[in-house]
Amino acid sequence: MSGTQSTTGSNEAWGQRYAAAVMNTFGAPQRVLVRGEGAHVTDADGTEYTDLLAGIAVNILGHAHPAVVAAVTEQISTLGHVSNFFATPAQISLAEELDALVFPGTPAGSSKVFLANSGTEANEAAFKIARRHGGADRPRILALENAFHGRTMGALALTHKAAYREPFAPLPGGVEFLPAGDVGALRAAMGPDVAAVVLEPIQGEAGVKPLPAGYVEAAREATSAAGALLIIDEVQTGMGRTGAWMAHHLLAPGVIPDVVTLAKGLGGGMPIGAAVATGEAAALLGPGQHGTTFGGNPVACAAALAVISTVREEDLLQRTADLGERWAAALAAVPGVTEVRGAGLLRGVALADGLPPAARIAAELMERGFIVNAPRPDTLRLAPPLILSDADADAFTATLTDVLTEALQTRADAPTTQEGAA
Ligand SMILES: *Cc1c(COP(=O)(O)O)cnc(C)c1O
């Protein structure tokens, strides 16, 4: 049956076909998933899981949400794609919504959107906006240590991890990395030759690490004083994930960035990204200076519009803030957990020294029916759908308690000498 999309077959059989057919950029998949509903997914062996990762902060309404299904179905059966020689009501309506969501309180028409297809592409657009700002007089762009902004060459140049960057050198130049959260280092690096500062309000791939209080405000002050742009990457943190539409609304209220990038949660599972700019930054890319065939695709835009209206109708921002706070407090009390970072339903659960690596804990949690991931060796990441039930959150807390209690017990029982540790 090779070449068909039959869903029969085991995790193992599909895994072999994957290895034979798919380029090995991600390692072996942990499971092959065949179905999802709400916060639950089912694998090819018929095992069900509570999905606390949501496709890495993507499925904010969970799987197969009726509003997204209806919007996508209606749009694809009406008009599926037109190219950017034309426009569609879905694209225009989404751009209007995003201008207002990202930059509330700014005058209508002062903000503008570039629609792309992913987070890395949203950041490519932001990178080009930065290059257009000041041109040759502003060759420098400041990014932060441990930042993650994507895998295409421009976004990769802004990404800190050497293992991601070095195999692809030379990358676009002019990017410098500053210690995240160090206001003094930021002020010292700032000057009239800086085009932009780029930051994530909560560094997601770094282990869900919020920037310290006051840092984003300081970055706004320093960039404004030097005439540089402030670009905030909300690809992971945006669209309600933290309990506010944008994490910077919550963590740095009053700061108005020049450019905000979005993707992950925006389409509720459909691939879409956006760079949203305000003021002068909204006019830096002119006709012919950037483009994408699929960007603004009406099906993806219809999905994003359904996400926005559903978050509003179901009051999911408040729900996310409330559940996130209660759940984080419960998780922080689990033996073996040293800290719970983040906001809303984007959480990093830090594990005590001496416990097995977080990836091993995540694998054990999967055996017990929960999908999470390990962005760092000492941190589990939770980024569930915003529709997660109290019961599912509590069930995870109980299972994590079991898993960590057993691991702490094993550690306590383990021989402490080298000889015994064979
Ligand atoms: C995931 C992520 C990206 C890249 O998004 P892709 O859709 O994978 O290209 C960029 N920035 C941040 C903060 C992210 O979390």
Side-chain angles (χ1 to χ4, degrees), residues 23 25-26 53-60 102 114-130 141 143-161 164-165 168 171-172 175 177 180 196-211 215-216 219 230-242 246-248 250-252 257 259-276 292 294-295 297 300 303-304 307 341-348 372-376 379 381-384:
M23 210 178 276
T25 58
F26 300 104
L53 190 60
I56 316 187
V58 165
N59 303 297
I60 60 175
V102 175
F114 179 84
L115 289 169
N117 313 291
S118 65
T120 202
E121 286 171 80
N123 286 329
E124 292 292 332
F127 198 123
K128 276 189 160 181
I129 290 171
I141 296 178
L144 301 185
E145 291 177 3
N146 300 314
F148 182 85
H149 296 294
R151 305 293 204 131
T152 53
M153 297 300 262
L156 188 58
L158 301 168
T159 292
H160 183 242
K161 195 172 181 174
Y164 293 169
R165 305 159 46 82
F168 305 101
L171 296 170
V175 180
F177 293 97
V197 170
V198 186
L199 55 82
E200 305 154 84
I202 300 174
Q203 294 190 314
E205 304 302 304
V208 190
K209 295 201 158 164
L211 291 172
Y215 186 81
V216 177
L230 177 63
I231 299 173
I232 299 193
D233 179 344
E234 294 257 16
V235 167
Q236 186 158 166
T237 52
M239 299 313 294
R241 168 119 332 257
T242 64
M246 299 293 130
H248 74 272
L250 181 76
L251 302 174
V259 183
V260 172
T261 56
L262 301 170
K264 293 200 166 93
L266 176 56
M270 291 294 287
I272 181 168
V276 192
T292 154
F294 286 118
N297 171 275
V307 165
R341 298 185 293 263
L345 289 174
L346 177 61
R347 296 290 177 171
V372 304
N373 94 320
R376 284 170 49 105
T379 303
R381 172 170 45 185
L382 306 174

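All of these numbers come straight from a predicted model, not from anything done at the bench. Order of appearance sets the numbers: ligands from 1, and atoms from 1 within every ligand.
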Student: Just how far is it from atom CG of Leu230 to atom NE2 of His248, taken to the nearest 0.5 Å?
Tutor: 8.5 Å
Student: With a 6.0 Å cut-off (strictly less than), is the heavy-atom count around CZ of Phe294, excluding the residue itself, greater than 12?
Tutor: no
Student: Do Arg381 and Val372 have side chains that approach each other closer than 4.5 Å (heavy atoms only, starting at C-beta)?
Tutor: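 SC-SC contact between Arg381 and Val372 ruled out.
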Student: Please check this pair: side chain of Thr242 against backbone of Ala343, looking for a donor-acceptor N/O pair closer than 3.5 Å.
Tutor: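 The answer is no, because no donor-acceptor pair under 3.5 Å joins these two groups.
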Student: For ligand 1, which of its N or O atoms have a protein N or O partner closer than 3.5 Å, and how long is each gap?
Tutor:
from	atom 1	to	atom 2	distance (Å)
ligand 1	7 (O)	Gly119	N	2.8
ligand 1	9 (O)	Thr120	N	2.8
ligand 1	11 (N)	Phe148	O	3.3
ligand 1	11 (N)	Asp233	OD1	3.4
ligand 1	11 (N)	Asp233	OD2	2.7
ligand 1	15 (O)	Gln236	NE2	2.8
ligand 1	15 (O)	Lys264	NZ	2.6

Student: With no hydrogens and no angle check, is any side-chain donor or acceptor of Glu200 less than 3.5 Å from a backbone partner on Ile232?
Tutor: no
Student: So do the side chains of Ile202 and Leu211 get within less than 4.5 Å of each other, counting heavy atoms only?
Tutor: no
